[in-house]
Amino acid sequence: MRQETRAVPLSGPYLDEREAELVLDVLRSGRLSLGPTVDRFEEMFAEKVGAPYAAAVSSGTAGLHLLCVTNGIGAGDEVITTPYSFAASANCFIYEGAVPVFADIDARTLNVDPRAVEAAVTPRTKAIVAVDIFGYPSELDELQAIADRHGLALIDDSCEALGARYKGAPLGSQGPSAVFAFYPNKQITTGEGGIVTTHSEEEWGLLRSLRNQGRGDEGGWLEHVRLGFNYRIDDIRAALGIGQLEKLDEILALRSSVADRYRELLAGVPGVELPCPDDDDHVRSWFVYVIALPDTATRERVIARFEREQVGFNRYLPSIHLQPYMRERYGFREGMCPVSEDMSSRTLALPFFTALERDAQEHVANVLNSAL
Ligand SMILES: Cc1ncc(COP(=O)(O)O)c(C=O)c1O
């Protein structure tokens, strides 16, 4: 099930006959959408992450957008977030007319630095969108304290972090509502899909209405009680998700051993900085394996070698504020978030997926070593 034709692809899903069987069951049932499989997927997911409620949606981006709506983010509000992320974590509130305020990151964790968040608060700030980048938990307690002090909402973008643990408990079980995503490079996949976890029954009801064109619990198919969206996931994808959740523990363990093997192979290689290790409060769920090289020139030299040797890679992650549409729309420029910009210029994702084999990892390490 490889995504690319490279000798060692960048990523790939981990599926077997069980998913095929579950999907076929749905196809045969005739209940392809708004059926019982979505409810089952949500219940299983909520239990896995220790959240009381979960609402499945069509993508991680859709889930983030819905949390911006439930938190009343609107035109003219400012939302503080990290520049070192995938664009969707900032786009979600721009859809509602809010303005992005980027706070710089911590060079070690690559997550937003709470001190930079505090410094960015203004009377117009409405919310903070934290991102657990590359599966490493954000400083949720510190961010929650800032949010409480200033009366802000805190949204946790855990799209890359299913299975990560903060202060001993899985992400999703803490206070802030969180979003997880299921694109095929994620820990588990539904093809496209996402889910929102919440500790509020009221917010859960709102999420279910908003994803379903604003329909209410009562009333007919053509009665809409609020402005909604079609952000539903269907039962076919939910079935795929159930098959994946059944093997989540196995997937997480395999991904951890792939990461451990990279650490063994790359520790001590001059010029290679490895992802920050776990500590008592932060346990990463492995999404990608991103190293930092000394500078852009070295990274590009490694990439040229990877291309020749058919080793998958990506320049994870460009800083969002320097994306062309951000420069054009808000006039953002270099120098606004120096730590993020520096990391963006020299970080590199290596091939990483659940079934990645040792000999392929050795090949990646050898190619990297020879390029350096
Ligand atoms: C940090 C982060 N946020 C949001 C998303 C958006 O998820 P999706 O692609 O399912 O819309 C992703 C997925 O790539 C992500 O990595």
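Starting from 1, each residue takes its place in the sequence as its number.
- Remark: aromatic rings of Phe332 and Phe102 are close, center separation under 6.0 Å.
- How far OH of Tyr95 is from NE2 of His65: 7.5 Å, rounded to the nearest 0.5 Å.
- Within the 4.5 Å cutoff, side-chain heavy atoms of Val8 are placed close to those of His363.
- In this structure, Tyr53 has its ring center at least 6.0 angstrom away from the ring center of His199.
- Side chains of Thr81 and Ser89: a donor-acceptor N/O pair is absent below 3.5 angstrom, by distance only.
- A salt bridge is defined here as a Lys NZ or Arg NE, NH1 or NH2 lying under 4.0 Å from an Asp or Glu carboxylate O, and Arg211 with Glu42 meets this definition.
- In this structure, the ring of Phe134 has its center no less than 6.0 angstrom from the ring center of Phe287.
- Using modelled atom types, no side-chain atom of Asp106 and backbone atom of Asp113 make a donor-acceptor pair closer than 3.5 Å.
- Counted within 6.0 Å of CZ on Arg115, heavy atoms from surrounding residues, nucleotides or ligands total 12 or fewer; the atom is thus considered open.
- Classification of Lys167 and Asp141 as a salt-bridged pair holds, one side-chain N sitting under 4.0 Å from a carboxylate O.
- A donor-acceptor contact under 3.5 angstrom links the side chains of Asp132 and Ser158, judged on distance only.
- Side chain of Asn71 to backbone of Ala153: no donor-acceptor contact under 3.5 angstrom is found.
- Ring centroid separation for the pair Phe45 and Phe182 comes in under the 6.0 Å cut-off.
- Within the 3.5 Å criterion, the main-chain N or O of Ile133 finds a donor-acceptor partner in the side chain of Asn111.
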